[in-house]
Asker: 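Below you will find the structure I want to go over with you.
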Amino acid sequence: MKITNIQFGLVKAPLKTPFKTAVRSVDYVEDTVVIVETDTGNRGYGTAPATALITGDTHGSIQAAIKHQIGPLLMGLEIENLNKCVGIIQSSMINNTSAKAALEIAVYDLFGQLYRQPLYKLLGGGEPALSTDVTISVDYIDKMVADSLSAVEAGFETLKIKVGKDIGLDIDRIKAIYSAVEGRALIRLDANQGWTAKQAVYALGQLESSGVKLELVEQPVKAYDFDGMRYITERVSTPVMADESAFSPKQVLELIRTRAADIINIKLMKTGGLSNAIKIADIAQIHDVECMIGCMLESSVGIAAAAHLAVAKAGVIRKIDLDVPSLVEFDPVSSNVVFSGPEIALQDTPGLGIECIENLQMIEA
Ligand SMILES: C[C@H](N)C(=O)N[C@H](CCC(=O)O)C(=O)O
Ligand SMILES: [Mg+2]
């Protein structure tokens with residue numbers, strides 16, 4: 001099975017309610033769709049969102065990187081030599097992790113089709129079921145409490161609360177949500193780089209001493225501020241998770257070596273796809289550091305790939321944040337990963353089992 005062509009499209013799905021974090025507010029999911037074609041007629045699918053504030057990537061940069069730099073190097077490559085395909089994708093240029101992720105996802109999808117196995121089995125196998133948290137956007141307190149209660153009613157047992165906008169308000173937000181859902185849901189926080197190290201230590205200290213139990217706090221400070229991450233990790237009981245600080249295996253090694261984080265959030269759009277995500281999971285497991293599988297606000301093609309990885313690496317990926325299918329009005333993607341509220345079930349069709357992407361708008365090559 002040889003790569004012969006790459007096509008592009010765009011897929012868009014409106015959100016039920018705006019997704020609001022410390023850095024952005026979004027009303028819909030929009031991904032570049034990458035279709036890798038082969039001489040056998042098989043087509044591999046990958047997607048990437050334009051999360052410019054986190055990865056630096058836009059739809060224009062993703063498509064240009066694939067069209068002009070990485071794509072031409074892949075023509076004629078045999079899918080059975082997955083290592084060669086992945087090696088070329090990763091060494092073709094620096095950065096551009098979203099473009100690399102979309103291509104790797106498509107190539108791994110084809111690898112699964114070649115050997116007629118679902119991806120998670122080719123990655124090592126596992127129990128094909130996961131349970132995800134759901135994100136509660138940062139907002140005024142009553143709205144966040146109401147959203148948290150609705151999520152618990154819908155069956156979610158873990159809530160990922162977005163904070164990082166205003167430290168005083170954040171403490172009130174978390175206390176109010178905690179008392180509304182105490183004993184019914186676990187609370188994890190994501191500050192999306194919105195606090196300083198001192199603010200984080202203060203806020204978490206206030207919460208811990210008032211009896212609020214948090215599962216973890218994600219990326220309290222700026223991505224580059226490894227010293228700040230370590231400062232917080234050393235001073236609070238709540239486990240600290242690195243997200244925007246943890247793109248590459250090398251960064252993860254550094255975070256672990258300097259004890260700057262207790263947990264690592266793996267996202268395919270940060271790692272440049274599955275190959276580096278696997279390396280990160282292995283590095284973390286060697287060091288007894290737990291991981292979360294996360295996602296951007298992105299389509300269910302990328303999220304399906306992340307779910308396959310999480311199943312295969314369940315020994316170290318023990319926290320799941322793959323909630324976008326619950327946040328959209330409708331999911332245009334049908335794959336072999338079925339999302340139903342908090343439950344994620346993987347079926348055994350080959351690769352990612354992409355059957356259809358509704359409303360896919362093809363882009364002229
Ligand atoms: C969607 C997921 N639950 C999530 O919260 N991801 C964010 C980044 C999402 C984005 O801004 O596209 C995160 O973990 O920081
Ligand atoms: Mg995060």
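In what follows, residues are counted from 1 in the order of the sequence shown. Please read these numbers as outputs of a predicted model, since none were measured by experiment. Remember, it's 1-based here, ligands and their atoms both numbered in the order they're listed.
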Asker: Quick one: nearest non-hydrogen protein atom to atom 6 (N) of ligand 1, plus distance?
Answerer: C295 O, 3.0 Å
Asker: Can you tell me which portion of I54 lies within the under-4.0 Å heavy-atom range of ligand 1? Options are side chain, backbone, both, or neither.
Answerer: side chain
Asker: Thinking salt bridges, do K160 and E218 make one under a 4.0 Å N-O criterion?
Answerer: yes
Asker: Check this for me: Y202, atom OH, are more than 12 non-hydrogen atoms of other residues, nucleotides or ligands nearer than 6.0 Å?
Answerer: no
Asker: Can you report which non-hydrogen protein atom sits closest to atom 10 (C) of ligand 1, along with the distance?
Answerer: R24 NH2, 3.4 Å
Asker: So does F330 have more than 12 non-hydrogen atoms from other groups sitting under 6.0 Å from CZ?
Answerer: yes
Asker: Which ligand 1 atoms are under 4.0 Å away from a heavy-atom of L297?
Answerer: 9 (C), 10 (C), 12 (O)
Asker: Among M296, K160, K162, which one has a heavy atom closest to atom 7 (C) of ligand 1?
Answerer: K162
Asker: Please list, chain by chain and in numerical order, all residues satisfying side chain to side chain donor-acceptor pair (under 3.5 Å) with E234, sequence neighbours excluded.
Answerer: none
Asker: Under 3.5 Å, N or O to N or O, is V324 touching ligand 1 that way?
Answerer: no
Asker: Provide the number and element of each atom of ligand 1 under 4.0 Å from a heavy atom of N192.
Answerer: 13 (C), 15 (O)
Asker: Can we say K279 and D282 salt-bridge, meaning some charged N sits less than 4.0 Å from an Asp/Glu carboxylate O?
Answerer: no
Asker: State plainly whether one hydrophobic cluster holds both L327 and L130, where clusters connect Ile, Leu, Val, Met, Phe, Trp and Tyr through side-chain heavy atoms under 4.5 angstrom apart.
Answerer: yes
Asker: Looking at D243, is its backbone amide N or carbonyl O close enough to the side chain of N265 to form a donor-acceptor pair, meaning the two atoms are under 3.5 Å apart?
Answerer: no
Asker: Pick one: which of L159, V145, L186, I161 meets side-chain contact (heavy atoms from CB on, under 4.5 Å) with V181?
Answerer: L159
Asker: Do you know how many protein N, O or S atoms are within a distance smaller than 2.8 Å of the Mg ion (ligand 2)?
Answerer: 3
Asker: Any pair with a residue in residues 12-24 that passes salt bridge (charged side-chain N to carboxylate O under 4.0 Å, His left out), sequence neighbours left out, goes on the list, sorted by first then second residue, please.
Answerer: K20-D139
Asker: Which atoms of ligand 1 sit under 4.0 Å from any heavy atom of D190?
Answerer: 13 (C), 14 (O), 15 (O)
Asker: Can you sort out which atoms of ligand 1 are near E218, meaning under 4.0 Å from one of its heavy atoms?
Answerer: 14 (O)
Asker: Has ligand 1 got any nitrogen or oxygen that is less than 3.5 angstrom from a nitrogen or oxygen of N265?
Answerer: no
Asker: Should you measure from each heavy atom of D323, which atoms of ligand 1 turn up under 4.0 Å away?
Answerer: 1 (C), 2 (C), 3 (N)
Asker: Apply side chain to side chain contact (heavy atoms under 4.5 Å, CB included) to the pair V217 and L214, showing each step before the final yes or no.
Answerer: CA-CA 7 Å; V217 59; L214 300 171; 5.8 Å; no
Asker: Show every salt bridge (charged side-chain N to carboxylate O under 4.0 Å, His left out) that has at least one partner inside residues 173-189, sequence neighbours left out.
Answerer: D133-R188, E153-R184, D170-R173, R188-E215
Asker: If you have a sec, work out which protein heavy atom is nearest atom 8 (C) of ligand 1 and how many Å separate them, to one decimal?
Answerer: K267 NZ, 3.7 Å
Asker: Please list, in number order, the atoms of ligand 1 under 4.0 Å from a heavy atom of D243.
Answerer: 13 (C), 14 (O), 15 (O)
Asker: In terms of side-chain heavy atoms, does N192 have a donor or acceptor partner in Q219 at a distance below 3.5 Å?
Answerer: no
